[in-house]
J.: 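My questions all concern the structure below.
Within every chain, numbering begins at 1; the chains are lettered A, B, ... in the order of the sequence lines, protein sequences first and strands thereafter.
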Amino acid sequence: MHRYRTHTCGALRRDDAGKTVRLSGWCHRIRDHGGVLFIDLRDHYGITQIVADPDSPAFKLAETLRAEWVIRVDGKVRLRPAGTENPELPTGEVELYVSEIEVLGPAAELPMPVAVEQDYPEEVRLRYRFLDLRREKPHNNIMLRGRVIDSIRRRMREAGFFEFQTPILTASSPEGARDYLVPSRLHPGKFYALPQAPQQFKQLIMVAGFDRYFQIAPCFRDEDARADRSPGEFYQLDLEMSFVTQEDVFAAVEPVIRGVFEEFGNGKPVTPRFPLIPYSEALAKYGTDKPDLRNPIVMQDVSEAFRGSGFKIFATILASDPAAAVWAIPAKGGGNRAFCDRMNAWAQGEGQPGLGYIFWREGEEGGAGPIAKNIGPERSRRIAEQLGLGIGDACFFVAGKRQDCIKFAGPARTRVAEELGLIAKDRFEFCWIVDFPMYEWNEEEKKIDFSHNPFSMPNIAAEDFLALDPNDKEKILSIKAVQYDLVCNGVELSSGAIRNHRPEIMRKAFAIAGYGEDVLERKFGGMLRALSLGAPPHGGIAPGIDRIVMLLAGEDNLREVVLFPMNQRAEDLMMGAPSEVSPKQLKELHIRLDLPRK
RNA sequence: GGGGGCGUAGCUCAGUUGGUUAGAGCGCUGCCCUGUCACGGCAGAGGCCGCGGGUUCGAGUCCCGUCGCUCCCGCCA
């Protein structure tokens with residue numbers, strides 16, 4: 001007989017009755033009736049009921065067991081007495097009548113219970129993560145994560161991709177997020193950086209001729225956390241392909257993502273063909289570049305209905321600024337004053353002056369509410385017509401500079417849909433956001449900046465781009481990059497691009513953003529040299545593994561799908577990271593501390 | 001760096017307009033209980049009410065500060 005077990009705690013069935021077996025596991029729950037005692041013995045695979053009574057030689061020891069002790073039990077499998085089977089358990093038809101118990105790992109009083117489904121504070125859960133992970137939900141989430149990654153690897157290999165490892169200790173990169181730095185012992189005053197993403201490496205892999213790269217890649221960024229953004233480190237399905245257009249990347253990635261969501265999405269419908277939505281259209285219709293398409297509300301520009309109207313606030317805004325607009329958020333089924341007032345109060349809570357509205361009800365086809373009174377029935381009827389609204393519906397309005405009002409209209413659109421219950425929860429709605437602007441205007445520094453990743457290819461002919469006048473601000477700001485995002489249910493899953501593989505275009509692109517040749521050489525010299533020695537056109541994308549698993553697990557916090565997450569302040573409460581180091585270690589690294597005074 | 005929420009027993013939480021000795025459930029200790037599966041019953045231990053200061057005859061409760069956790073903004077693909 002094996003030292004610890006002949007079966008797992010999820011294995012025994014009716015057919016095993018009569019066998020003498022050995023199980024090991026944790027005491028999940030103990031029910032001591034005095035004369036008969038039950039232990040639910042738990043391991044990774046399941047739960048089996050152990051029974052002891054005073055006739056058993058193990059009874060005395062059994063009475064001393066407590067929750068979460070690890071024990072080994074020997075005994076005979078028997079059918080449970082008729083009427084006492086537990087249909088909730090796969091092993092519920094049988095039980096193990098115990099003859100011998102060995103305590104393998106006793107447990108002190110628990111800082112948090114394991115066998116209870118309840119919410120516990122993050123601090124306790126993270127400090128005792130190993131206990132938290134024994135619980136069913138966290139345990140299953142982590143197993144789901146592993147299965148998702150297995151499936152992704154299989155799908156990527158089948159699609160002709162090959163997995164590579166890229167360095168963890170690398171060079172600090174000038175663009176993007178703050179780096180995690182690692183001091184060099186051999187090179188006083190110099191530092192490695194942990195990669196924010198293997199961006200340059202994967203491009204170099206393409207230059208090296210490997211054609212199709214992927215990696216479940218750890219990425220490190222020293223930025224503040226959010227619920228959907230882990231502090232410090234996270235994983236991406238990083239991939240890159242040579243000789244491809246944007247369409248080729250979509251055609252490669254979309255089936256992998258869709259397949260994974262269909263495989264692990266518990267039957268929830270997945271968008272059959274991910275629609276392409278230009279960035280500017282996404283902002284106009286949904287008020288965000290990561291729209292939740294489960295929300296059916298589509299916004300529209302209704303400026304014309306307010307221009308020169310009796311609603312002076314909006315009319316004045318429109319008259320005073322050619323860039324101003326009035327944005328409409330239609331609210332089907334929201335046609336009552338209570339709802340409209342509630343939304344207005346919400347907007348005020350968000351620091352807005354309010355949220356103007358019209359609603360339509362029986363007998364007031366010309367619209368009700370203060371705005372309708374001011375603009376008159378003709379104009380409000382035109383608005384209803386433009387947005388396809390009728391009796392029982394409402395419409396909210398946001399006015400101002402386009403960018404400003406979109407910033408608020410997006411959350412308002414979400415809020416309206418949530419309040420009215422318009423969001424179809426049980427589905428995965430995907431889309432590609434395309435045609436991101438290449439540059440944006442930096443108002444503070446009065447200069448042109450890259451709006452995304454500087455490695456993206458501009459979406460105009462090479463000769464036209466090279467011929468651009470760096471002072472032609474309007475033309476430059478209108479240029480799109482071959483850059484795209486993958487969005488699901490309002491969560492940005494991924495960002496990618498067709499890369500700029502032409503050194504002269506790269507030089508021009510950086511020059512427009514105000515970077516001289518010397519800066520470019522210093523920061524990206526290696527990359528430029530690689531691109532000047534025979535680089536294939538290439539592009540890729542990097543879907544976030546953690547966010548994919550988060551969506552599939554139905555969680556709204558990344559920490560629920562990360563094995564050992566750090567807290568919001570980027571501390572590992574269990575391991576005690578970050579920690580101070582010895583003076584000797586610092587000396588070796590040529591580092592002297594200069595701590596902030598407190 | 002900024003804003004919101006929270007902080008009471010090992011854990012989850014209640015605690016009235018400021019008023020005597022701060023409560024409940026789970027867990028823990030002891031006792032009872034032979035078919036439970038969130039077993040049940042009786043008894044008990046366990047509190048710097050995050051910390052510091054203030055107002056008050058009196059503060060878990062009100063005010064100020066501070067620390068911690070969390071959500072958001074900034075930041076971040």
J.: With a 4.0 Å cut-off on heavy atoms, is A:G176 in touch with a base, just the backbone sugar-phosphate, or nothing at all?
T.: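 Since only primed, P, OP1 and OP2 atoms lie under 4.0 Å of A:G176, the category is sugar-phosphate.
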J.: Return the set of residues passing salt bridge (Lys or Arg N to Asp or Glu O under 4.0 Å) with A:E122 (not counting sequence neighbours), or none when no residue passes.
T.: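 Checked A:E122 against salt bridge (Lys or Arg N to Asp or Glu O under 4.0 Å); matches are A:R559.
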J.: For B:G23 versus B:U16, give the span between their P atoms, rounded off to a whole number of Å.
T.: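 Rounded to whole Å, the distance is 14 Å.
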J.: Under 4.0 Å: is that the gap between some side-chain N or O of A:Q568 and OP1 or OP2 of B:C71?
T.: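 Yes.
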J.: Taking the nucleotide of RNA chain B with the closest heavy atom to each, which residue, A:N557 or A:E492, is nearer the 5' end?
T.: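 Counting from the 5' end, the first nearest nucleotide belongs to A:N557.
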J.: When the distance from NZ of A:K290 to P of B:C76 is rounded to whole Å, what number comes out?
T.: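 Distance check: A:K290 NZ to B:C76 P gives 14 Å.
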J.: Can you tell me, in whole Å, how much space there is between the P of B:A59 and that of B:C76?
T.: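 Straight-line distance between the two P atoms is 49 Å.
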J.: Measuring only between side-chain heavy atoms, which start at C-beta, is A:Y213 closer than 4.5 Å to A:P198?
T.: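 In contact.
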J.: In whole Å, measure the gap between the C1' atoms of B:G47 and B:C39 for me.
T.: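 One C1' to the other, the span is 30 Å.
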J.: Can you tell me how far P of B:C75 sits from CD of A:Q196, to the nearest Å?
T.: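 Rounded to whole Å, this separation is 15 Å.
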J.: With a 3.5 angstrom cut-off on both distances, give the Watson-Crick or G-U wobble partner of B:U66, or none if there isn't one.
T.: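 B:U66 is paired with B:G50.
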J.: Flag the pair A:Y180 / A:F220 as yes when their ring centroid distance falls below 6.0 Å, and as no otherwise.
T.: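 That pair fails the under 6.0 Å test.
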J.: Considering only atom P, compute the distance from B:U61 to B:G54 and round it to an integer number of Å.
T.: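 My reading of the P atoms in B:U61 and B:G54 gives 14 Å.
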J.: Taking the side chain as C-beta and beyond, is there a heavy-atom pair between A:T48 and A:D43 under 4.5 Å?
T.: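 Result no, sub-4.5 Å side-chain heavy-atom pair not found.
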J.: What pairs with A:Y279 under ring-ring contact (aromatic ring centres under 6.0 Å, His included), at least two apart in sequence or on another chain?
T.: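 Only A:F436 meet the ring-ring contact (aromatic ring centres under 6.0 Å, His included) criterion with A:Y279.
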J.: Spell out protein contact along nucleotides 33-40 of chain B as letters: B when the base is contacted, S when just the sugar-phosphate is, - when no protein heavy atom is under 4.0 Å; keep the 5' to 3' order.
T.: BBBBBSB-
J.: Give none if B:U17 has no partner; otherwise give the nucleotide forming a Watson-Crick or G-U wobble pair with it, both distances under 3.5 Å.
T.: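 B:U17 is paired with nothing.
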J.: Rounded to the Å, how far apart are A:Y120 OH and B:C6 P?
T.: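 From A:Y120 OH to B:C6 P: 22 Å.
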J.: I'd like the C1' distance from B:C31 over to B:U8, given in whole Å.
T.: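 Result for the C1' pair: 31 Å, nearest Å.
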J.: Please test A:Y286 against A:D292 for side chain to side chain donor-acceptor pair (under 3.5 Å), starting from the C-alpha separation and ending with a verdict.
T.: CA-CA 8 Å; A:Y286 312 110; A:D292 185 349; over 6 Å; no
J.: Whole angstrom is fine here: how far is it from CG in A:L131 over to C1' in B:C11?
T.: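 Checked: the CG to C1' distance equals 12 Å.
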J.: Does A:R559 reach a base, just sugar-phosphate, or nothing at all? Heavy atoms under 4.0 Å.
T.: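 Touches sugar-phosphate only.
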J.: With a 3.5 angstrom cut-off on both distances, give the Watson-Crick or G-U wobble partner of B:G1, or none if there isn't one.
T.: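 Per the H-bond distance test, B:C73.
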J.: Say you pick atom P in B:G7 and the same atom in B:C49; how far apart are they, in whole Å?
T.: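 Here B:G7 and B:C49 have their P atoms 15 Å from each other.
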J.: Counting distance alone, no hydrogens or angles: does the base of B:C75 have a donor or acceptor under 3.5 Å from a partner atom on the side chain of A:R229?
T.: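 Result: at least one qualifying N/O pair found.
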J.: Would you say that A:I277 contacts A:L293 through its side chain, given a criterion of any heavy-atom pair below 4.5 Å between the two side chains?
T.: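 With C-beta onward as the side chain, the pair touches.
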J.: Quickly work out the A:L194 CG to B:C76 C1' distance and round it to whole Å.
T.: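 Going from CG in A:L194 over to C1' in B:C76 covers 16 Å.
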J.: Rounded to whole Å, please give me the gap between CZ in A:R178 and P in B:G74.
T.: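 Between P of B:G74 and CZ of A:R178: 14 Å.
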J.: At a cut-off of 3.5 Å, list every protein nitrogen or oxygen paired with a nitrogen or oxygen from nucleotides 26-30 of chain B, distance to 0.1 Å.
T.:
{"from": "B:U29", "atom 1": "OP2", "to": "A:R66", "atom 2": "NE", "distance (Å)": "3.1"}

J.: Only pairs with both distances under 3.5 Å count, Watson-Crick or wobble alike; so what is the partner of B:G10 in this structure?
T.: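 When the pairing criteria are applied, B:C26 turns out to be the nucleotide that pairs with B:G10.
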J.: Regarding A:R226, tell me which of base, sugar-phosphate or nothing describes its non-hydrogen contacts under 4.0 Å with the strands shown.
T.: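 Answer is base: heavy atoms of A:R226 come under 4.0 Å of a base.
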J.: Please report, rounded to the nearest Å, how far the P atom of B:C73 is from the CG atom of A:D224.
T.: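 For the pair A:D224 CG and B:C73 P, the rounded distance is 12 Å.
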J.: Rounding to the closest angstrom, what is the interatomic distance between B:G5 and B:G10 at atom C1'?
T.: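 Here B:G5 and B:G10 have their C1' atoms 25 Å from each other.
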J.: Could you give all pairs that pass the salt bridge (Lys or Arg N to Asp or Glu O under 4.0 Å) test and reach residues 487-500 of chain A, with sequence neighbours left out?
T.: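 Applying salt bridge (Lys or Arg N to Asp or Glu O under 4.0 Å) to every pair that reaches into residues 487-500 of chain A, excluding sequence neighbours, yields A:E240-A:R499.
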J.: Going through the distances and angles, do A:Q49 and A:N86 end up as a side chain to side chain donor-acceptor pair (under 3.5 Å)?
T.: CA-CA 10 Å; A:Q49 176 165 282; A:N86 185 347; over 6 Å; no
J.: Heavy atoms under 4.0 Å, any strand shown: does A:E68 hit a base, just sugar-phosphate, or nothing?
T.: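 The answer is nothing, as A:E68 stays clear of every strand by at least 4.0 Å.
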J.: Apply ring-ring contact (aromatic ring centres under 6.0 Å, His included) to A:Y235 and list each qualifying residue two or more places apart in sequence or on a separate chain.
T.: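 Expected list: none.
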J.: In whole Å, what is the span from the CZ atom of A:R125 to the C1' atom of B:U12?
T.: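 Value for this atom pair: 14 Å.
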J.: So A:F161 and A:M241, do their side chains get closer than 4.5 Å, heavy atoms only?
T.: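 Counting from C-beta outward, A:M241 and A:F161 do come under 4.5 Å.
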J.: Less than 6.0 angstrom from the centroid, inside 45 degrees of the normal: does A:R258 satisfy that with respect to the ring of A:F430?
T.: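 Cation-pi check for A:R258 and A:F430: fails.
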J.: Applying a 4.0 Å non-hydrogen cut-off, can you work out what A:D556 is touching in the nucleic acid: base, sugar-phosphate, or nothing?
T.: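 A:D556: no heavy atom of the nucleic acid under 4.0 Å.
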J.: In whole Å, measure the gap between the P atoms of B:G2 and B:C75 for me.
T.: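 Going atom to atom, P in each nucleotide, I get 16 Å.
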